[in-house]
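Side-chain atoms are counted along with the backbone in the values below, which use heavy atoms only and exclude waters and symmetry mates.
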Amino acid sequence: MNRFMFVFLLLSTSLFASEKISMAVYDFDARTVNTAIADSVADYIQNSLFETGRFNMMDRKNVQKILKEQMFQKTGCSSTDCAVEAGRILNVSNMVLGSVSKVGSRFVISIQLVDVELSKIVVTDKVETDSEDMLSAASTALANHFSKQVSIKGKVLKVMSENEIIVNLGSQDKIENDQELAIERLGESIKDDAGKVIYQTRTQVGKAKPKEILDEACRCEVVSKTTDVKTGDIVEIKKEAQKPLEPMLKNLYSQAPALQYSRSLIAEKTAAVALPPENTGMEFNLFVNYELSGLFSFKRYDTKGNLTVAETKLGSFDNHLAYGVSFGSGDEWTSFGNIISLIVSPGFKDLSGLVDNNRFFMMMQDGIYFKLYPFSGSNSKKKMTLAEKRGDFAPYLGLTGNLYLGMFNPDVNSSSTIYDMGTAFLLGFGLEAKIGFDIGNIFFIEAASRFVSSASGESTLKDAKTYANMGKNTYSFNLNTLFLSAGFKF
């Protein structure tokens, strides 16, 4: 059955519209505490129960107004019979009774859930705290703990086939995939003279699991049954077994006031904090490049644009090392940022192979890099470091766009009367493609190819005697090469 048919069916069966459990919170008894504290706790409990999304809560102001109009006697109403009577006046299916007391230095909040139709207590719960400041947090923890013990009930709206049904429980009722729903059939109810149900037969029909969940309904698969399921049968999300709440002590919250849950949840949060911190996304690298095919080659053109020196490698830079840093940000899938490297000539050989210390070459590379980690990523919800998310061995592909800035002083004796003594300031652009891998997000190795990369600059020609400017020589550098790179990550 497709989704559109599912929605159409829900609209056509609106008579069975899903209803949350209706509930009202009665005034709490103040035992060894003042009434204002008990009233505040009752408000905290009501608000927290409403925020769970599992119940339709009647506002306490309306509860008090209706009971007053019906001249209902509230004083001392802490019994089941009294709660049932109030629930019938309010037209709700459940009443929450409660009390706040102080024993020594401890406040104790106790609550009970009374089923109005069955006229009995179905859930009891309590929590202790050692500070009045913690009553709000304790009430929130108690309401959440309490709500998980209340069974959520609905109805079978439609039997689609032998093994498929539509029920009026959905995501707003906290129904989840693979959650088991019990299917029951209510029989004849027996009431006493006052109209109170004292007995009703219940027949176990089977069990079902959700297959498609909407806000107010879901399509379920019947996974087991003792008899055929019928429209109108009761479905129930069984209550969860809960350990008793441990005391909520103020000193446990002094460093983490936002953790308004039980001690067990505080322990869980503390364990999460003890894990390595979540990746902030920033990274810093130090690296060394080893050029496999020499760094640069150049051509020289005279003032008329004629080629005067054919493409020639810079001899001192064959198989050289370059040093650099990079810094940027990223996640388990990507990384991007800025990369800077610097090459300074330790000595320069002329074309005959002799070292000439009057000549020098320097180049700075400033690039924007992007890396893709195609095999990384984790679906874990726990707090993890970037290394844990990427894994101990994290292959990546990279691309860098570069700006090249440099200086080149050839100090060339062009003739007996002309010297090329000016410094050529170089400017260029290019790209690098990379493939590499990180080890534990601490160390990396990569191979790279620099392509479509070049730089150029001009130097001044001068008269050997007068040093007068005679024009410009143009130098064009080919920066393409292959290289290996390795470095440390911080």
Side-chain angles (χ1 to χ4, degrees), residues 276-297 313-314 316-346 362-380 383-406 428-455 477-490:
E278 185 76 49
N279 170 49
T280 60
M282 298 302 298
E283 59 182 23
F284 180 79
N285 306 322
L286 293 176
F287 62 87
V288 175
N289 290 344
Y290 177 71
E291 306 287 340
L292 296 177
S293 58
L295 178 62
F296 302 144
S297 61
K313 287 186 177 180
L314 295 181
S316 61
F317 287 90
D318 286 347
N319 301 319
H320 85 290
L321 298 179
Y323 307 89
V325 298
S326 67
F327 49 91
S329 63
D331 53 30
E332 66 266 40
W333 297 103
T334 61
S335 179
F336 56 91
N338 187 244
I339 182 170
I340 299 173
S341 63
L342 184 65
I343 308 102
V344 179
S345 171
M362 181 188 73
M363 178 66 75
M364 184 186 75
Q365 168 188 335
D366 187 1
I368 302 297
Y369 72 84
F370 173 80
K371 294 180 183 179
L372 173 66
Y373 292 81
F375 306 110
S376 299
S378 170
N379 293 323
S380 174
K383 191 169 287 188
M384 300 173 70
T385 64
L386 186 58
E388 289 174 324
K389 289 181 177 180
R390 288 180 177 172
D392 293 332
F393 180 80
Y396 63 82
L397 302 172
L399 183 67
T400 302
N402 293 315
L403 167 68
Y404 301 103
L405 299 173
F429 302 91
L431 297 173
E432 293 175 3
K434 303 177 180 180
I435 182 170
F437 57 88
D438 293 346
I439 301 176
N441 207 42
I442 297 175
F443 180 76
F444 75 91
I445 298 175
E446 66 185 20
S449 173
R450 184 183 298 125
F451 61 102
V452 295
S453 299
S454 62
F477 285 80
N478 179 358
L479 308 182
N480 297 334
T481 185
L482 300 176
F483 60 88
L484 294 177
S485 183
F488 292 95
K489 303 172 70 67
F490 299 91

Apply side chain to side chain contact (heavy atoms under 4.5 Å, CB included) to Asp438 and Lys489, showing your working. CA-CA 9 Å; Asp438 293 346; Lys489 303 172 70 67; 3.5 Å; yes
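Taken from CZ in Phe437 to CZ in Phe443, the straight-line distance is 7.5 Å, to the nearest 0.5 Å. Distance OG/Ser449 to CG/Asn480: 7.5 Å, rounded to 0.5 Å. Taking OG of Ser335 as the start and CZ of Phe444 as the end, the distance is 10.5 Å to the nearest 0.5 Å.
Between the side chain of Asn478 and the main chain of Ser454, no donor-acceptor pair closer than 3.5 Å is present. A donor-acceptor pair under 3.5 Å links the side-chain atoms of Arg450 to the main chain of Leu479, judged by distance alone.
Between Phe327 and Ile340, the closest heavy-atom pair is CE2-CD1, 4.4 Å. When all heavy atoms of Ser453 and Leu431 are compared, the closest pair comes out as OG-N, 3.3 Å. Nearest heavy atom pair, residue Ser326 against residue Tyr369, reads CB-CE2, 3.9 Å.
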Could you list the donor-acceptor pairs under 3.5 angstrom formed by side chains in residues 393-402, with sequence neighbours left out?
from   : atom 1 : to     : atom 2 : distance (Å)
Tyr396 : OH     : Glu446 : OE1    : 2.5
Thr400 : OG1    : Lys434 : NZ     : 3.4
Asn402 : OD1    : Gln365 : NE2    : 3.1
Asn402 : ND2    : Tyr404 : OH     : 3.1
Asn402 : ND2    : Glu432 : OE2    : 3.1

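Between Ile368 and Phe336, every side-chain heavy-atom pair lies at or beyond the 4.5 Å cut-off.
Residue-environment remark: CG (Asn338) exceeds the threshold of 12 foreign heavy atoms within 6.0 Å.
Note that Lys371 lies outside the cation-pi zone of Tyr373, set by a 6.0 Å cut-off to the ring centre and a 45° limit from the axis.
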